[in-house]
Amino acid sequence: MDDLYRDYILEHYKRPQNFGELDPHDLEALEHNPLCGDELGVHIRVEGDRIEDLRFHGHGCAISQAAASIASEELKGMALSDVGQLDADWMIDLLGIPVSATRRKCALLNLKVVRGAVTGDNAWPS
Amino acid sequence: MDDLYRDYILEHYKRPQNFGELDPHDLEALEHNPLCGDELGVHIRVEGDRIEDLRFHGHGCAISQAAASIASEELKGMALSDVGQLDADWMIDLLGIPVSATRRKCALLNLKVVRGAVTGDNAWPS
Amino acid sequence: MPPVAEQALAVRADFPIFARRFGERPLVYLDSGATSQKPQVVIDALSAHLSSHNANVHRGVYPLAQEADAAFEAARERIAAFTGGEARTTIFTKNATEAINLVARSWGAAQLGPGDAVLITQMEHHANLVPWQQVCRERGAELRYLEVDEHGELSLQALDSELARGDVRLVAFTHVSNVLGTINPVAEISARARAAGAITLIDGAQAVPQMPVDIARAGADFYVWTGHKALGPTGIGVLHGRRELLESMEPFLTGGDMIASVGLQETTWNELPFKFEAGTPPIAEAVALAAAVDYLGALGMERVRDHERALTEQMLARLGEVPGLRVVGPPAGRERGALASFTVEGMHPHDVAELLGREGVCVRAGHHCAQPLMRCLGVSATARASLGVYNDESDVEALIGALQSGRAVFGL
Amino acid sequence: MPPVAEQALAVRADFPIFARRFGERPLVYLDSGATSQKPQVVIDALSAHLSSHNANVHRGVYPLAQEADAAFEAARERIAAFTGGEARTTIFTKNATEAINLVARSWGAAQLGPGDAVLITQMEHHANLVPWQQVCRERGAELRYLEVDEHGELSLQALDSELARGDVRLVAFTHVSNVLGTINPVAEISARARAAGAITLIDGAQAVPQMPVDIARAGADFYVWTGHKALGPTGIGVLHGRRELLESMEPFLTGGDMIASVGLQETTWNELPFKFEAGTPPIAEAVALAAAVDYLGALGMERVRDHERALTEQMLARLGEVPGLRVVGPPAGRERGALASFTVEGMHPHDVAELLGREGVCVRAGHHCAQPLMRCLGVSATARASLGVYNDESDVEALIGALQSGRAVFGL
Ligand SMILES: Cc1ncc(COP(=O)(O)O)c(C=O)c1O
Ligand SMILES: Cc1ncc(COP(=O)(O)O)c(C=O)c1O
């Protein structure tokens, strides 16, 4: 079996969860992967201090799409204050594959977008 | 005996001919040697279509000063139209020493200045 | 066309990197469009200069400095001559990008104003796009784009209508597109621009390594290229300029070496080419780049072009057999530079490059520094296989094989 | 002070150029102020990179490109750390001159206007002078000079009065003078400038190769240096900048790699340090410069400074014995960089350099890219002997011997 392109990664890539738009929404953000120009955006609906629902849109490689898809389920229901604490390790662990330095940006793009939407911090993870 | 610093070169360097100012004068020019910032200027008095008299001023190395000194005697009395025809070989031959590529600018500085004063062409010898 | 593609044109053993193995696999280098590999003679020229002839240039009187000076200026002569240029109007920059910035700042910022337009094309690399955006914004000039048609080509008619508007002061365009492979009719474009009173800048970063280039025939006022794509080292680019223009322009970078005389408040400039070379130039890099153009010259640029043309056709034909693979740029049969950019249905270009990379096949994936063009093409990224003098049929076959196994990983 | 000068600090055999002979004579290299010689490890790092790890950086997915990326960014870390900087705020330029131009254009052109002043010193190299002249002229700002006193030093009192005028926005000054050898009190100058609301740029081109430098301790907002004087190759310079300033500045050169997203009329910039690195960077040069700072680091910069201090004192003492020879700059006993600029009565500096050169002794003659300073000193040129880690007592003795025989040629 392939180390990187595991079955579940390809599955998420081909049939991503929570992709699309969400209107109305309370929070949103859009980021480019400067490596390739790929774009990923998020719409978030908030209830109280929690993410009630979210949708990703845009396009990207299997790694970035699978990461967004896998994370989306975890993010739903999460307290906004917890989102700001999520770090790269959380995402990489969740993805469950060895990610090279170059592809790291792909793997972290969705978390960057979500953090940007929730905390307004665009600089993460650098 | 030294190839470059022959006795007559050092003699001209130490006691250059036709150095100083000439007032009044009809033509003048001033040039820098970009290699070192040395400066050489000339004042020329014209009679008819000939150089009647000239004086160099400024400072420089033994090669540039000796070249100016040696050339000055040849230039006096020369037709202005002939000055425009003088080339690098004329000067190098007159100097009578082997001049390296780097020191060539030193050797030709005075001719550059004189040509500039007479013909207005500052671009020579490049 | 001679059947030269079976073998590489250059002896592959001339390039030490091909001794590398990735796992068991040899290096299949199909990314010369990003940077070329270097022959041993180039690496040796660099080492020999630093080991035996190193001194600063332009001001030294001692013999070692004279050697360095002579080596540097001889390198400039050889590099200038390689594209039919003159040493005096051949300026060393750090890369092609700096060369274009130099022209945009030094010519553009002084010459452009409201009512003026700069015309570039939709296929420009960011290097020949962002500097024009910046200078047009600052000077209140307009930046317009010549469209790329469905064959990935420019239309001379569209050029004529743009020029007919009468406001175009400069036309900047690439000689060979780094994404499409399109070879633009540079002489025609230059001639029309000139007739309309516009000056021209040609971006030859991709052209110089792969075809004979004569800057006079290309007709450009400015022609730029970059050392590292032409078998040379990083750290050196080349700007050829028309003498009258260069003479009339103010310098771009200022500092040592480019001055004639410095006063407290005023400075006068050195003569060409030094006026545009502030500070210590890329000395060892110039010596190495001269070795690179000598190497290319010995291969013969006509033969390089024939070789790469043949190999590109072969590559296009084989790529056409891969299901779901779409090549962008001029269709087969049209004149084309030595590359193929493509997408594979169901696989993102990054994943294509990753999977190919594991088999030792090096291709680039992304926007190739040409985001506006990518938008025209309706894609966010492509994979690109680009060829050099060291490539042959076996590289094309390795590419195809790796594409097939990559598709299998994705269940395609 | 330990008596280290009898022997070179570095093993001379580490530097292949010392195998050269000029006629029968060994190389006596006393021109490190212009450019340093390179140890074999640096040349090897350059060759090894080009031979085995060459690919373009930042966008490649295949393993070779990842190696190149990793090598380049690791080099940046090591180079940044050498002077206590951070990778993110350490920008590669082509030389020190470009680094200063970057700040003058990117910070200066946006920040300076009528009523503002830039303060530099009379001892600046043209690289840290002409760019400020240009930007001040364009922006209607004033360029003022801090005087050099009869010891070749700056006066902090004079600095205070300049700052008290309230209009100084930036103070740019050299860490070590390339003509006088003066070591400026950089921390004091920076602190006073900061207290007066001015930012600072320090030109460390001469300092970094010869003494421990900590940019935080130096207190500068910008600190620049150049690879080729610090045992590294040509083609690379370094700019350290304070993060907030760099973040707030517009880019200087534009093109590939420095963008986040490019539209037809608008572009957004990449993060630091890439925002300031347009086009293909000096990849192999960075790898080689990292090897150079590793080499210097292994020698230990404190030891380098001790060695050069001792050897400089020795040189000054011996030069003092040559009739008609006058050294400019700080008198013996004062803290001083590793060089001596001098004039010899009855001999032009060019002739001095020529005659020394014949005996294998390499010294520079001329204005050393510091014409305003030369005018203050009342000379048009000097000869300059400058030291590196490979010099020892024998070099000083060779210099003195060659000076004596040169004087004899001139009948002095
Ligand atoms: C003090 C000083 N500043 C700046 C420079 C310029 O360095 P570079 O030519 O590498 O830009 C030099 C070197 O000549 C120097 O000595
Ligand atoms: C067409 C084109 N122009 C310009 C450049 C920029 O070259 P450099 O990065 O050497 O400045 C490139 C290379 O990426 C290119 O392909």
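Note that this is a predicted model, so its numbers are computed, not measured.
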Cut-off 4.5 Å, heavy atoms of chain C, and the answer for D/Leu129 is side chain

When rounded to the nearest 0.5 angstrom, what distance separates OG in C/Ser47 from NZ in D/Lys38? 13.0 Å

Measuring heavy-atom distances to chain D, does C/Ala370 have an atom under 4.5 Å in its side chain, in its backbone, in both, or in neither? neither

Side-chain (D/Asn95) to main-chain (C/Ala278) donor-acceptor, under 3.5 angstrom: yes

Under 4.5 Å to a heavy atom of chain D? For C/Glu266 that would be both

Do D/Thr267 and C/Gln371 touch side chain to side chain, with heavy atoms closer than 4.5 Å? no

Heavy-atom distances under 4.5 Å only: say whether C/Leu46 touches chain D with side chain, backbone, both or neither. side chain

Where is the tightest heavy-atom contact between D/Lys94 and C/Thr93, given as atom of each residue plus distance? NZ-CA, 4.3 Å

What closest approach, in Å, do D/Glu285 and C/Gly235 show between heavy atoms, and which atom pair accounts for it? OE2-CA, 3.7 Å

Option that, when pairs with chain D are counted at under 4.5 Å, heavy atom only, ranks first among C/Ser52, C/Ala55, C/Ala34: C/Ser52

Heavy-atom nearest pair, C/Gly357 first then D/Pro63, reads O-CD, 3.5 Å

With chain D, which of C/Leu102, C/Val363, C/Leu27, C/Asn128 has the greatest number of heavy-atom pairs at distances under 4.5 Å? C/Val363

Name the member of C/Met258, C/Arg137, C/His125 that forms the most heavy-atom pairs with chain D at distances under 4.5 Å. C/Arg137

Backbone of D/Thr254 reached by a side-chain donor or acceptor of C/Gln134 within 3.5 Å: no

Could you tell me which portion of D/Glu354 (side chain, backbone, both or neither) has an atom closer than 4.5 angstrom to a non-hydrogen atom of chain C? both

Output the distance between atom CG (C/Leu50) and atom NE2 (D/His228), rounded to the nearest 0.5 Å. 12.0 Å

Which pair of heavy atoms, one from D/Val57 and one from C/Arg364, lies closest together, and at what distance? O-NH1, 4.2 Å

C/Thr97 to D/Gly255 - nearest heavy-atom pair and separation: CG2-CA, 4.1 Å

With chain D, which of C/Pro233, C/Gly263, C/Ala284 has the greatest number of heavy-atom pairs at distances under 4.5 Å? C/Gly263

C/Pro251, part contacting chain D, at a heavy-atom distance under 4.5 Å: neither

Spatial distance of atom CD (D/Glu138) from atom CD (C/Glu250) [nearest 0.5 Å]: 9.0 Å

Separation between CZ of D/Arg375 and CG of C/Leu264, rounded to the nearest 0.5 Å: 7.0 Å

By a 4.5 Å heavy-atom criterion (distance strictly below it), what part of C/His53 contacts chain D: side chain, backbone, both, or neither? both

Determine yes or no for a side-chain-to-main-chain donor-acceptor pair under 3.5 angstrom, with D/Glu98 supplying the side chain and C/Gly279 the backbone. no

Less than 4.0 Å between a side-chain N and a carboxylate O, is that true for D/Glu67 and C/Arg20? yes

Heavy-atom pairs under 4.5 Å with chain D are the metric here; pick the option from C/Pro39, C/Pro372, C/Pro282 that has the most. C/Pro372

Top contributor to chain D contacts, counting heavy-atom pairs under 4.5 Å, from C/Leu143, C/Ile236, C/Val361, C/Thr226: C/Leu143

On the 0 to 90° scale, with breaks at 30° and 60°, tag the C/Tyr29-D/Tyr62 ring pair as parallel, tilted or perpendicular. perpendicular

Would you confirm whether D/Asn101, through its side chain, and C/Leu253, through its main-chain N or O, come within 3.5 Å as a donor-acceptor pair? no

Any donor-acceptor pair under 3.5 Å from D/Asn56 side chain to C/Thr35 backbone: no

The reported gap from SG in C/Cys136 to CD in D/Gln265 (rounded to nearest 0.5 angstrom) is 8.0 Å

In terms of heavy-atom proximity below 4.5 Å to chain D, should C/Gln133 be classed as side chain, backbone, both, or neither? side chain

Based on non-hydrogen pairs under 4.5 Å, which of D/Val42, D/Ile283, D/Thr280, D/Leu356 is most in contact with chain C? D/Thr280

What is the distance from atom CZ of C/Phe92 to atom OG1 of D/Thr234, rounded to the nearest 0.5 Å? 11.5 Å

Non-hydrogen atoms of chain C under 4.5 Å away: do they reach the side chain of D/Asn54, the backbone, both or neither? both

Of the backbone (N, CA, C, O) and the side chain (C-beta and beyond), which part of D/Ala19 lies under 4.5 Å from a heavy atom of chain C, both, or neither? neither

At a heavy-atom distance under 4.5 Å, which candidate from D/Ser32, D/Cys369, D/Ala96, D/Gly360 has the highest pair count against chain C? D/Cys369

With chain C as the partner, which of D/Pro16, D/Cys362, D/Gly256 has the greatest number of non-hydrogen pairs under 4.5 Å? D/Cys362

Is the number of heavy atoms from other residues, nucleotides or ligands under 6.0 Å of D/Glu147 CD greater than 12? no

